[in-house]
Every structure is written in structure tokens, then in C-alpha cells.
There are 2 protein chains.
Amino acid sequence: MARRSQTETAVLGGLSMQPMTAYALREAIRDVLGHFWSESFGQIYPTLNALEQQGHVERREGPRSGSSTFVITASGTARLRELLSEPIAASPPRNGLLLRLFFGRTLGVRKCRELLLEAKADAERSLAEYDDLARTLSAEEEGSPDLPYVLMTVSAGGHGAEGVIAWADEALAMLAGIPADDSTNDATPTDGES
Amino acid sequence: MARRSQTETAVLGGLSMQPMTAYALREAIRDVLGHFWSESFGQIYPTLNALEQQGHVERREGPRSGSSTFVITASGTARLRELLSEPIAASPPRNGLLLRLFFGRTLGVRKCRELLLEAKADAERSLAEYDDLARTLSAEEEGSPDLPYVLMTVSAGGHGAEGVIAWADEALAMLAGIPADDSTNDATPTDGES
DNA sequence: GTGTGCATGTAATGAGTTACATGATTAC
DNA sequence: GTAATCATGTAACTCATTACATGCACAC
């Protein structure tokens, strides 16, 4: 747990695929890892400096004057392997959609339906994106030893999206069974008694 | 965005289902919302105090001397409705499993397989739990106006777990297609050149 | 009378995000 | 020359978690 927590993993991992400038690294993390991981960019530079001091990465001449390309060292690869082998620290769940639906009685049937339709549309859109991405990557990165692993994570996104779609359909059906009671929607609260 | 960010929503939502002590609330959040939401308990008490000062909850005699039961007020219900209607602030994705698999070339085929088998087993276990939970709740809370909404969130958990299982099978099949190259596992890194 | 669980809170810490500040290079 | 983009960093701030501190009440 060398602090920098998982930022270290993401940074070393990115550099394990290819040497990059810090700038390129942060774009890679945003665009490529972005589907399932995020890093605060404010920590990438400090982490790179720390890793350099520990000898896990080396600074080389960058593509421009003043810029540096970072290259992972053998010790960095070992460190990455170590980090990847650590038990997965489950980040606390925070599903804003489910939080809203859970209190759906207060939110109202109509808004719940809207949320579900929106979630379903989002999932359908991202499912299409994942399919595209898988096809593009298979073609462009053909033969790369990283490809199968990358495809696995893309596939996870796809299955997740499919799960959301199936769930949304089910939930919409359940919603349809609830009397579209407008008193729970925007009218006076049902604080009848006591 | 009254700060206390979403803690406010969870607290008001919990009290919208029934009046509780702060202690009971934090257990409810842990046990019931726990599948898709988490709150740092250190924020529940301050949030309750803030809500009390704003008139969104009222403090009543608790079940013991010195303890208080909190009751949501009409303005609290209105506030909750407002909070639930706010756009969903997507929390940054942080999937530790996918982060590891993405760098699977470095981690090694064997450990990837272990991770996937573990994830699949976890998903199967929680799928069974969700099924149980749905059955139990349907029986125990029969007739509650909150029940259908609660069941929707349970169903989301189930579909999610099913998605993970399907994905894990696919990913394991992909893994099987990779030469179980032990050089990428624990042997010397493939830092051949330069 | 004592231990377990109910009950209430606060302080310290640490992690993560944003916004800011700065400058070089390249394309137009 | 000037706008966009590459490039590097830091400081301030918010947010969240953990651990700690305290005490009552009820069952045994």
C-alpha cells in the first residue's frame, strides 16, 4: 500500500504498454482506461516523480524540448506485477440510479420511468460503442500481446450494458404494474395519519 | 448541491421509509442500501443535525433515554423529491478487476484465470443472495408501497451478477486461447531489447 | 456486576478533483 | 503573429473513511 494507491498501478500499467510522456499517459488513461477506471490527473505527475525516484521508471528525451518520455524499468515491471497481484480493494458502491429508484415511491412513477428509459438508451448506445471498439481494436492491434486482455475488458463493458438493458425492461414492466398514482408524483405527500 | 452531497439523499430517503434513530439509520444504510450505495458513517450524524436545523427532519423521543428518533417532515419530503430529481452525478468508475485484467500480459495468464474464476464464483454467490432476498422481501413486505421499488434494485443486482457470469465465461474462453506462456507469469520479464 | 449491543458523536487523516499557472511548438 | 495543442506541474479544496471516545441499558 505505498500510498498513491492505485494511481501507481494505472501509471505503471500504461507505461508497460508503451513509453509515453506524462501528457500522453493522462490521455491514455482518460480515453482507454476510461471505461472502467479513472485517475485524477493532478496525481499523475507526482506519482511519476515518485516512481522515478524509486527507479521504477526512467525519464528520457521527449518528443519536444523540455518534455520527457517515461520508460518503465525492469524494477518497475516487477513492481507492477506486485501491485496487480494485490487483493482487489473493492471501491464502495455508489449507484446514483439505483439510489433514486429505491426511493421511487417518493420520486414518483413517471420520473422513475424516465430514469429507466434513459438508462436503457445509454446502455444501448454504449453497447454499440463497445462493439465498434472491439472490432476496431481487433483490426488495428492485431497480433499485439495486449490485445486479448484489452478485448476482455471491452467485453465486460458489453455484458454490463446488456445486463442493464435486460434489467431496465424488467423494471419497466414492474413499474407498469404500479397504479400511476399521481399523489406520489408531485401532489401533496401522503402523510395521512398520526 | 448543498454539500453533504448525496449523504443527504440517503439519509432523507431512509427516514422517508420509516422514522429511525441515527444508529438504526446507519445500519439500514449498511445492510439495505449496501448493495448499491455506501455512506461514511462519520457523516450521518452531522448531516442529521444539519437537516434538523433546516427543518427537514424532527427529533423525537427515542426508544431509550438520550436517544432520538428522527422523523422526516413535509419540507423534508419535498427536499428529498428535489434531491432525487437532480441529475445523476456519475461517480468515476473504478473497477479493480478490469484494471488488473487490462494489464493481464504483465500479470500472467494463470493469475488472470484465478481472478476470473473468483469473480465468477462471487457473482454466483451474490446471484443466489439476490434471489433469496427478492423472495424474502416479497413475503415479508407484502403490500408495502416501497416494495416494488426495492425489488427493482434487487433485480438490478441479479442482472449485474448474471452479466458478470456470462462475461467471465467468455473471458475464460479467450484466456484459454492464449499460450500459457510462463515467461509472462513469474519468470524474467520479456524486456528483450534496447 | 459485567459484558454486549444500542446510541451519539468528533478528530485526524488521507485520497481525489479542480482550477490555476506557465510555457514551448506547430500549423495556419 | 496567433491560435490550438502539447506539455508540466502545483495549490486549494472537497470529500470520505477510520478510529477513537463516551455512556446507557438490558440480559445474564
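Nothing here was measured: the structure is a model prediction, and the numbers come from that model. So you know, we letter chains A, B, ... as the sequences are listed, proteins then strands, and number each from 1. Values below: every heavy atom of this structure, side chains too, minus hydrogens, waters and symmetry copies.
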Looking for any heavy atom pair under 4.0 Å, which part of the strands does B/Arg30 touch: base, sugar-phosphate only, or nothing? nothing

Counting just side-chain N and O atoms, does A/Thr21 come under 4.0 Å of either OP1 or OP2 of D/dA7? yes

In this structure, how many angstroms lie between the C1' atom of C/dT10 and the CD atom of B/Gln43, rounded? 12 Å

To the nearest Å, how far apart are B/Arg64 CZ and C/dG5 P? 12 Å

Let me know the distance between CZ of B/Phe41 and P of C/dC6, rounded to the nearest Å. 14 Å

Less than 3.5 Å apart, any donor N or O on the side chain of B/Thr47 or B/Glu8 sitting next to an acceptor on the other? no

Note: B/Thr7 and B/Gln43 closest approach over all heavy atoms is OG1-NE2, 3.5 Å

With a 4.5 Å cut-off on side-chain heavy atoms, are B/Leu15 and B/Leu48 touching? yes

N/O (side chain, B/Thr7) to phosphate O (OP1/OP2, D/dC15) under 4.0 Å: no

Nearest-Å distance for atom pair CD/P, residues B/Glu61 and C/dT8: 12 Å

Euclidean distance, atom CD1 of residue B/Ile44 to atom C1' of C/dT10 [Å, nearest integer]: 15 Å

B/Ala22 side-chain proximity, nearest of D/dA25, D/dT8, C/dT8: C/dT8

Nearest of C/dA24, D/dT8, C/dA7 to any side-chain atom of A/Tyr45? D/dT8

Starting at CD of B/Glu27 and ending at P of C/dA7, how long is that distance when rounded to a whole Å? 8 Å

Could you check which of D/dT8, C/dA7, D/dA16 has an atom nearest any side-chain atom of A/Arg94? D/dA16

Under 4.0 Å between a side-chain N/O of A/Tyr23 and OP1 or OP2 of D/dC6, yes or no? yes

So, is B/Ser40 near the phosphate of D/dT17, with a side-chain N or O under 4.0 Å from OP1 or OP2? yes

Starting at the 5' end of DNA chain C, which residue's closest nucleotide do you reach first, B/Phe70 or A/Gly42? B/Phe70

Length of the line joining A/Asp31:CG and D/dT5:P, which is rounded to integer Å: 14 Å

Tell me yes or no: between the side chains of B/Ser68 and B/Arg59, is some donor less than 3.5 Å from an acceptor? yes

The answer to which of A/Ser68 and B/Ser38 contacts DNA chain D further toward the 5' end, by nearest nucleotide, is A/Ser68

Please state how far atom CG in B/Leu48 lies from atom P in C/dA7, giving the value in whole angstrom units. 14 Å

Find out whether A/Thr21 and A/Phe70 are in side-chain contact, i.e. whether some heavy atom of one side chain is under 4.5 Å from a heavy atom of the other. no

